[in-house]
Each structure stands twice: as C-alpha cells, then as structure tokens.
Q: 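Pasting a structure here, questions to come.
Whatever order the structure lists them in is the order used to number ligands and atoms, beginning at 1.
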Amino acid sequence: MTTPLTGGCLCAAIRYTVSTPVTELRACHCTHCQKGSGTGSSVNAVIQSEHFSLTQGTPKRYTDKADSGRTLFRFFCGDCGSPIYSQRQATPERMVVRAGTFDNPPPMKITANIWTKSARPWSWIDPASEQLPGNPA
Ligand SMILES: [Zn+2]
Ligand SMILES: [Zn+2]
C-alpha cells in the first residue's frame, strides 16, 4: 500500500495528500452529485479529515443543501472546476475525497452505492456491492 496518496485537480492549482490507506470506494448517485460531477455519480474515498492535507492552493467552497436535507460543503478548484472533496457541516471530522482526483492510486474497488433510487438508467452498479436507495444510516 502506497501512503501517502497524492492527488489534485485538473489544472494542478490544488494539491493534497491522504495519509491513510484507501481500498474501498463509495459511489453516490444523488442528483446533486450528478450535477456537481457532470456525470452519473461521484465516486469517493470516505476518510477521517485528519488524514487529509492540502499541500497547494485553496479550494473554493460551495454550500449545498443535500438530497438528505443536510448542509454539505462541496470543495472544488476555482480555476478548472474539478470537484475535490465534500464535508457535511455537522461532521467536519469526516470527508469524502473524489477518487478520480488521486494521481496513482493503488487498487481500489467500489464496495457501496448510495442514493441508487436516483441513479441514471445508464449508470452501471456492481450487483455484488452494497446498495442503498438513499443515505447510509
Ligand atoms: Zn484546478
Ligand atoms: Zn451525492
């Protein structure tokens, strides 16, 4: 396992490290992740925020009212628009990092799909994964 993991946005203005191993990913098919990613879902590593460090740049923050009704901060690059991570206002100790922003990730697998009730008909969901129609409990 390679730690720390490194990652960043498309234009490289934002760079970060993750100092905990990541093997499992969670795909979120909520309508807000669809708009925010421009595709069918966001695919994320769920980590403790203490393991995430920005090493370059400052992401912009969009305050979203999630499908669940909770306030969610979505952090993205203000220059190139890449989504980087999200945090719930109520639980800043945890964050979800967009898996597509990792540079050279070790093998990772989507083990859970959430908000499947709003999944696009063209999104593929691994039938072997955990599937939840809405938020995890
Ligand atoms: Zn950028
Ligand atoms: Zn979502």
Q: Assess C30: does it contribute an N, O or S atom lying under 2.8 Å from the Zn ion (ligand 2)?
A: yes
Q: Under the ring-ring contact (aromatic ring centres under 6.0 Å, His included) criterion, do F73 and Y62 qualify, and how do the steps go?
A: CA-CA 6 Å; F73 298 126; Y62 173 66; 9.8 Å; no
Q: Let me know which of S123, C28, S129 forms a side-chain contact (heavy atoms from CB on, under 4.5 Å) with N113.
A: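 The side-chain contact (heavy atoms from CB on, under 4.5 Å) with N113 is passed solely by S129 among S123, C28, S129.
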Q: Spell out the protein N/O/S atoms under 2.8 Å from the Zn ion (ligand 1) as residue plus atom name.
A: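 Metal shell, protein only: C9 SG, C11 SG, C77 SG, C80 SG.
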Q: Assess whether side chain to side chain contact (heavy atoms under 4.5 Å, CB included) is satisfied between I125 and H29, documenting all intermediate values.
A: CA-CA 10 Å; I125 295 173; H29 302 266; 3.9 Å; yes
Q: Strictly distance-based, threshold 3.5 Å: is any side-chain N or O of D126 a donor or acceptor partner for the main-chain N or O of A128?
A: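 It does hold such a pair.
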Q: Flag C28 as yes if one of its N/O/S atoms falls below 2.8 Å of the Zn ion (ligand 2), otherwise no.
A: yes
Q: Should the pair R15-D103 be classified as a salt bridge under the 4.0 Å nitrogen-to-oxygen rule?
A: yes
Q: Checking R88 against D64 for the salt bridge (charged side-chain N to carboxylate O under 4.0 Å, His left out) test, could you report, in this order, the C-alpha distance in whole Å, the side-chain angles of both residues, the deciding distance, and whether it holds?
A: CA-CA 9 Å; R88 281 186 192 157; D64 190 16; over 6 Å; no
Q: Mind telling me whether F75 and Y85 have parallel, tilted or perpendicular rings, with 30° and 60° as the class edges?
A: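 Correct class here is parallel.
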